[in-house]
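One structure below.
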Amino acid sequence: VQLQASGGGLVQAGGSLRLSCAASLASGNILSIGTMAWYRQSPGKERELVAQIISGGTTNYPDSVKGRFTMSKDNSENTVYLQMNNLKPEDTAVYYCNADRVFRVVGGVGAYESMLWGQGTQVTVSS
């Protein structure tokens, strides 16, 4: 299973961006995905959680982005989104999507894959 993140870019402070992360499989089917999340990491800092959505749809956000970021998912497309509004320069970072557990069937055999990461997408907010 691969996670493909997209949607980053350069935006002025106060602007908006929408990130996408799609889970895909070269062959076989994805039957379920557990918790998905967006993390970010800027130079010299540790990777931090910015949004999380559990399989039932409940979302969680740290105070730093609460009220500005919204995470959603489309189960039919195995895709999650991160709508980021009122962006600030301190939001500048590489954003990574994560899935804690994915159940897939390949060649009639089911198996879990755990702790999957997307490749990261750069978000730059200018002041």
Side-chain angles (χ1 to χ4, degrees):
V1 176
Q2 290 188 329
L3 301 183
Q4 182 70 39
S6 61
L10 173 64
V11 65
Q12 289 188 332
S16 298
L17 283 174
R18 189 192 195 208
L19 306 183
S20 300
C21 176
S24 63
L25 198 57
S27 63
N29 294 293
I30 294 172
L31 296 191
S32 67
I33 302 177
T35 297
M36 294 195 73
W38 287 96
Y39 289 77
R40 67 186 180 190
Q41 187 168 23
S42 51
K45 294 187 177 181
E46 293 189 356
R47 191 170 294 190
E48 63 171 346
L49 176 71
V50 295
Q52 180 186 65
I53 189 166
I54 65 175
S55 58
T58 300
T59 52
N60 296 296
Y61 309 94
D63 288 342
S64 58
V65 307
K66 196 172 292 183
R68 300 188 298 122
F69 289 13
T70 302
M71 187 172 182
S72 60
K73 66 177 180 177
D74 182 338
N75 289 326
S76 65
E77 298 292 333
N78 294 321
T79 299
V80 292
Y81 305 94
L82 184 66
Q83 178 66 42
M84 305 185 294
N85 298 329
N86 190 23
L87 283 160
K88 304 175 181 180
E90 52 263 43
D91 295 318
T92 295
V94 178
Y95 284 69
Y96 299 90
C97 61
N98 166 272
D100 70 342
R101 194 173 67 170
V102 176
F103 185 73
R104 47 71 169 175
V105 176
V106 178
V109 179
Y112 283 101
E113 294 189 28
S114 300
M115 289 307 290
L116 304 176
W117 291 93
Q119 83 285 9
T121 184
Q122 176 71 46
V123 172
T124 303
V125 184
S126 63
S127 56

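On a predicted model such as this, the values are computed, not experimentally measured, just so you know.
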Shortest non-hydrogen contact between [X] and [Y], atoms and distance:
X	Y	answer
Pro62	Leu49	CG-O, 3.4 Å
Tyr81	Asp74	CE1-CB, 4.1 Å
Gly56	Lys73	N-NZ, 4.3 Å
Ser127	Ala13	CA-CB, 4.3 Å

Val94/Tyr39 under side chain to side chain contact (heavy atoms under 4.5 Å, CB included): CA gap, chis, key distance, verdict: CA-CA 8 Å; Val94 178; Tyr39 289 77; over 6 Å; no
Donor-acceptor contact below 3.5 Å, side chain Asn98 vs main chain Leu116: yes
Report the distance from atom [atom1] of [X] to atom [atom2] of [Y], rounding to the nearest 0.5 Å.
X	Y	atom1	atom2	answer
Ile53	Thr35	CD1	OG1	9.5 Å
Ser27	Arg104	OG	CZ	9.0 Å
Ser24	Gln2	OG	CD	5.5 Å
Asp100	Tyr112	CG	OH	10.5 Å
Thr121	Gln4	OG1	CD	9.5 Å
Glu48	Arg40	CD	CZ	4.5 Å

Modelled atom types, side-chain donor and acceptor of Gln122 and Thr124, under 3.5 Å: yes
Is there a path of hydrophobic side-chain contacts, each under 4.5 Å between heavy atoms of I/L/V/M/F/W/Y residues, joining [Y] to [X]?
X	Y	answer
Tyr61	Tyr95	yes
Leu17	Val65	yes
Trp38	Val123	yes

Among Leu19, Val50, Val80, side-chain contact (heavy atoms from CB on, under 4.5 Å) partner for Met71: Val80
Passing option when Val102 is tested against Leu31, Ile30, Leu25 for side-chain contact (heavy atoms from CB on, under 4.5 Å): Ile30
Mutual orientation of the aromatic rings belonging to Trp117 and Tyr96 [parallel < 30°, tilted 30-60°, perpendicular > 60°]: perpendicular
Minimum side-chain heavy-atom gap Met36-Leu3 below 4.5 Å: yes
Enclosure of Arg101 CZ (heavy-atom neighbours >12, cutoff 6.0 Å): no
Gln41 atom CD, neighbour heavy-atom count above 12 within 6.0 Å: yes
Salt-bridge contact Lys88-Asp91 (side-chain N to carboxylate O under 4.0 Å): no
